[in-house]
Amino acid sequence: MTAMTATPSGPRPLLNRRLAEFGTTIFAEMSALAVSTGSINLGQGFPDTDGPEQIREAAVRALRDGRGNQYPPGPGVPELRTAIAGHQQRRYGIGLDPDREVLVTAGATEAIAAALLALVEPGDEVVALEPYYDSYAACIAMAGGTRVPVTLRPHDGAFRLDLDELRAAITPRTRLLLINTPHNPTGTVLARAELTAIAELAIERDLLVVTDEVYEHLTFDAAEHVPLATLPGMRERTVTIGSSGKTFSFTGWKVGWVTAAPDLVTAVRSAKQFLTYVSAGPFQYAIAEALALPDAYFDGFRADMTAKRDLLAAGLADAGFGVFRPQGTYFITTDIRPLGFDDGFAFCRALPERCGVVAIPNAVFYDDRQAGAPFVRFAFCKRLPVLEEAVSRLKGIAP
Ligand SMILES: *Cc1c(COP(=O)(O)O)cnc(C)c1O
């Protein structure tokens, strides 16, 4: 194959310039290392047990009944759009028209891509909280935008947003703020006061806001998830992204959604229709049922994940890690400096051999790699015996 074209400066790379910096993700490297060393993989965030049996059965029923086996409607099946609107109304008091203000996507990942591709012009700046979920940077780049990270910094045992830094990051070229709460990888849940300040800034500078709220049901202790769209003046400028993957422990189904004012949904749909056109049919019917589960499901899920967080957080602290106890998500960010290390990359590459556990260096989620260097992320969405075994293996880490 002669895919490379010779130029005076050498062969032209296959991967275009927008994506060149992204290469393969650390998750591939670390998951391969987990397999080759027989390690417990606390790197990538997916549960090791499936969600509710009745929802699995609902998917089987839809498939057998021939619902969704052929192209479903582009915006999503009406049953799911109605269920999403019902969920937002019940939980947050947000009233949505299922026909004009809800769009079903192939997971939150497609929702993020479609929102950025639809709303960002080449040259626009997108302000995102750093460390950021890895697809944000790639999607901003694919849209031709420039990412402007605002770093969450450790403060009293948690990563917090410095509102002055956020304000300083906004320029006349800023088009939108990309927010994520509860926040992966730090476990920070932005407080109402922080969200209010973000909202005031967005209104003052006339910015759009895309908010990734896929962990909305995973908040712990007294932390409360506040959707940005519920704050005054935000309804008409906010694109809210949700997903069934994390909430119902079916990450492989890839059913996500966008909720926003009609003109924003129309814009995002314009991009989505040429990405996947439609999203997996039978699973949409099953997730419609999942969203209507009684509160007991959501409470039970939160209690289960709280116990897992507590077990892993205590085990990591015992092993000598600095632990940022997460208020949300299913990740714990740790500081490896108390153990005598300061390079998360080297630490994570050696950890499988040393202890039989895989984790992710938070530096991969930073532009400012130095700021992220001493932090390492562990996922706790695994069965309790798996976490217990991981904790016992990690006891041997201290040099
Ligand atoms: C897992 C995750 C996603 C992706 O969600 P899917 O529905 O699986 O595409 C998006 N954002 C964050 C912050 C995540 O952790």
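Indexing begins at 1, ligand by ligand and atom by atom, following the structure's order. The figures here come from the full heavy-atom set of this structure, side chains too, leaving out hydrogens, waters and symmetry mates. Nothing here was measured: the structure is a model prediction, and the numbers come from that model.
- With a 4.0 Å heavy-atom cut-off, ligand 1 is reached by the side chain of Ser243 but not by its N, CA, C or O.
- Using bins of under 30°, 30° to 60° and over 60° for the plane-to-plane angle, the ring pair Tyr330/Phe380 lands in the perpendicular bin.
- Nearest residue to atom 4 (C) of ligand 1 from Tyr132, Tyr133, Phe331, Tyr330 is Tyr133 (criterion: closest heavy atom).
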**Report entry** Trace of the side-chain contact (heavy atoms from CB on, under 4.5 Å) decision for Met30 with Leu33
**Finding:** CA-CA 5 Å; Met30 289 300 162; Leu33 209 51; 4.1 Å; yes
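- For atom 1 (C) of ligand 1, the nearest non-hydrogen atom of the protein is Lys246 NZ, 1.4 Å.
- Between Phe365 and Phe27, the ring planes lie tilted relative to each other; the angle falls in the 30° to 60° range.
- Below 3.5 Å of separation, one finds no N or O of Glu110 facing any N or O of ligand 1.
- Within 6.0 Å of the CZ atom in Phe22, the count of heavy atoms belonging to other residues, nucleotides or ligands exceeds 12.
- Using cut-offs of 30° and 60° on the angle between ring planes, the pair Tyr136 and Tyr133 is perpendicular.
- Within a 6.0 Å radius of CD in Glu53, more than 12 heavy atoms belonging to other residues, nucleotides or ligands are found.
- The number of heavy atoms from other shown groups lying within 6.0 Å of CZ (Arg369) is above 12.
- The proximity of Thr109 to ligand 1, defined as any non-hydrogen pair under 4.0 Å, involves the side chain as well as the backbone.
- Annotation: atom 11 (N) of ligand 1 to nearest protein heavy atom, Asp212 OD2, 2.6 Å.
- Annotation: atom 15 (O) of ligand 1 to nearest protein heavy atom, Tyr215 OH, 2.7 Å.
- Using a 4.0 angstrom heavy-atom cutoff, Gly245 does not count as in contact with ligand 1.
- Contacts between Asn180 and ligand 1 below 4.0 angstrom, taking non-hydrogen atoms only, involve the side chain exclusively.
- Counting protein heavy atoms only, atom 6 (P) of ligand 1 is closest to Ala108 N, 3.4 Å.
- In this structure, Arg91 satisfies the cation-pi test against Phe298, with its NZ or CZ atom closer than 6.0 Å to the six-membered ring centre and inside 45 degrees of the ring normal.
- With respect to atom 8 (O) of ligand 1, the closest heavy atom belonging to the protein is Lys254 NZ, 3.2 Å.
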